[in-house]
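One structure is given below, encoded as structure tokens.
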Number of protein chains: 2
Amino acid sequence: MSRKYIDNPNACTLVHTMNIIGNKWKPIIIYLLSNGPMRFGKLNALVPTISKKVLTTQLKELENDELIIRKSYAEIPPRVEYSLSEKAKGLLPVLKELSQWAENNFPEIEFEECRIVDL
Amino acid sequence: MSRKYIDNPNACTLVHTMNIIGNKWKPIIIYLLSNGPMRFGKLNALVPTISKKVLTTQLKELENDELIIRKSYAEIPPRVEYSLSEKAKGLLPVLKELSQWAENNFPEIEFEECRIVDL
DNA sequence: TAAAGTGGTAACCCTGAAGTAACCTATGTC
DNA sequence: GACATAGGTTACTTCAGGGTTACCACTTTA
């Protein structure tokens with residue numbers, strides 16, 4: 001008789017984490033929101049390469065996973081603010097370590113294209 | 001004049017990290033290899049739901065990113081051993097923190113299906 | 001009266017990641 | 001001579017994530 005499946009829950013919680021934040025846009029969104037609450041339009045302006053539709057779905061998924069909080073004001077024109085939940089804030093130091101790891105281990109990459117233009 | 005692009009390299013190193021390990025199988029592979037070198041067949045047996053083709057491409061990509069080391073012996077039948085590089089070992093504590101974060105913040109999830117069967 | 005501002009939704013398409021099944025190499029063994 | 005073994009490759013198909021464009025609601029401003 002031989003084992004056939006993964007033994008360790010660590011691997012699976014990891015998989016779960018990746019399902020939540022391991023995609024193209026979510027780390028960026030979480031990072032941006034770490035500076036404080038932000039409106040939909042501002043997020044969209046800061047990441048012009050994301051379409052409104054995709055931004056909407058990413059925010060909705062993050063909200064479902066309770067990583068961000070959506071607060072909408074009954075105004076015209078509408079105003080909606082997104083902010084990080086406590087769950088997400090607990091993630092920030094780990095994300096920072098991941099960044100650090102990448103910087104330390106891939107020094108050949110300049111990450112220039114990430115630098116700013118103007119706001 | 002207003003800023004139009006993301007300001008912070010943190011977000012982008014993060015994106016880079018996610019590109020490397022943020023997918024369905026790589027965290028699992030890295031975790032399994034953290035127990036020591038392992039052969040292709042054993043990896044495949046431990047994760048029976050991954051196809052040989054996909055396992056091959058994942059291992060190849062991890063090797064290109066210098067996270068794992070592929071050692072092949074000129075024997076018949078062939079023998080190939082995979083192990084973690086130093087780069088990848090530096091990542092392990094962070095991955096563990098990510099696991100920990102998921103366990104702490106999603107207590108409602110049992111992660112039962114991750115438990116073992118037999119080896 | 002028409003355009004701008006805000007936060008979306010609806011319908012559609014496209015691509016790349018992942019999955020399936022068959023095949024290959026070279027040897028040893030029945 | 002047929003099969004098993006280990007580590008793949010090749011060709012084909014499927015599917016979900018992401019992308020594009022158009023449109024909406026409601027008010028203020030020009």
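Everything numeric in this text was worked out from a predicted model, so none of it was measured.
- Nearest heavy-atom pair across B:T13 and A:A102 is O-CB, 3.8 Å.
- Remark: P of D:dG18 and CG of B:N19 are 12 Å apart, rounded to the nearest angstrom.
- For DNA chain D, the residues of residues 69-80 of chain A within the heavy-atom distance limit of 4.0 Å (strictly under) are A:I76, sorted by number.
- In terms of heavy atoms, B:G22 sits closest to A:M18 at CA-SD, 3.8 Å.
- Among A:N23, A:L43, A:I28, the one residue that satisfies the side chain to side chain contact (heavy atoms under 4.5 Å, CB included) test with A:Q58 is A:N23.
- Figure legend: cation-pi geometry between B:K42 and B:Y82 absent, as NZ or CZ is not positioned both under 6.0 Å from the six-membered ring centre and within 45° of its axis.
- Atom CG in B:L55 sits roughly 17 Å away from atom C1' in C:dA21 (whole-Å rounding).
- Within 4.0 Å (heavy atoms only), A:K24 reaches sugar-phosphate atoms of the nucleic acid but no base atom.
- Summarising the geometry, the separation between CD on B:E81 and C1' on D:dA6 is reported as 13 Å, rounded to the nearest angstrom.
- The nearest pair of heavy atoms linking A:T17 to B:L98 is OG1-O, 3.4 Å.
- OP1 or OP2 of C:dG8 lies within a sub-4.0 Å distance of a side-chain N or O belonging to A:Y82.
- Atom-to-atom, CZ of A:F40 to C1' of C:dG5 comes out at 14 Å; the value is rounded to the nearest Å.
- In this structure, B:K53 places its NZ atom 18 Å from P of C:dC23, rounding to the nearest Å.
- Between the CG atom of B:L43 and the C1' atom of D:dA6 there is a distance of 13 Å, given to the nearest Å.
- Here the C1' atom of nucleotide D:dG7 and the NZ atom of B:K42 are 17 Å apart, to the nearest Å.
- Within the 4.0 Å cut-off from OP1 or OP2 of D:dA16, not a single side-chain nitrogen or oxygen of A:N23 is found.
- Rounded to whole Å, the distance from CD on B:E63 to C1' on D:dG7 is 14 Å.
- Remark on DNA chain D: of its neighbouring residues A:I50 and B:K52, the 5'-side contact belongs to B:K52, judged by nearest-heavy-atom nucleotide.
- Within the 4.0 Å cut-off from OP1 or OP2 of D:dG17, not a single side-chain nitrogen or oxygen of A:Q58 is found.
- Side-chain contact between B:K24 and B:V54 is absent, with no heavy-atom pair separated by less than 4.5 Å.
- Residue A:R39 has a polar side-chain atom (N or O) positioned under 4.0 Å from OP1 or OP2 of C:dG7.
- For C:dT9, the OP1/OP2 oxygens have a side-chain nitrogen or oxygen of A:K60 closer than 4.0 Å.
- Heavy atoms of A:N44 sit nowhere under 4.0 angstrom from any nucleic acid atom.
- Under the rule for a ring-ring contact (aromatic ring centres under 6.0 Å, His included), B:W25 has no partner lying at least two apart in sequence or in another chain.
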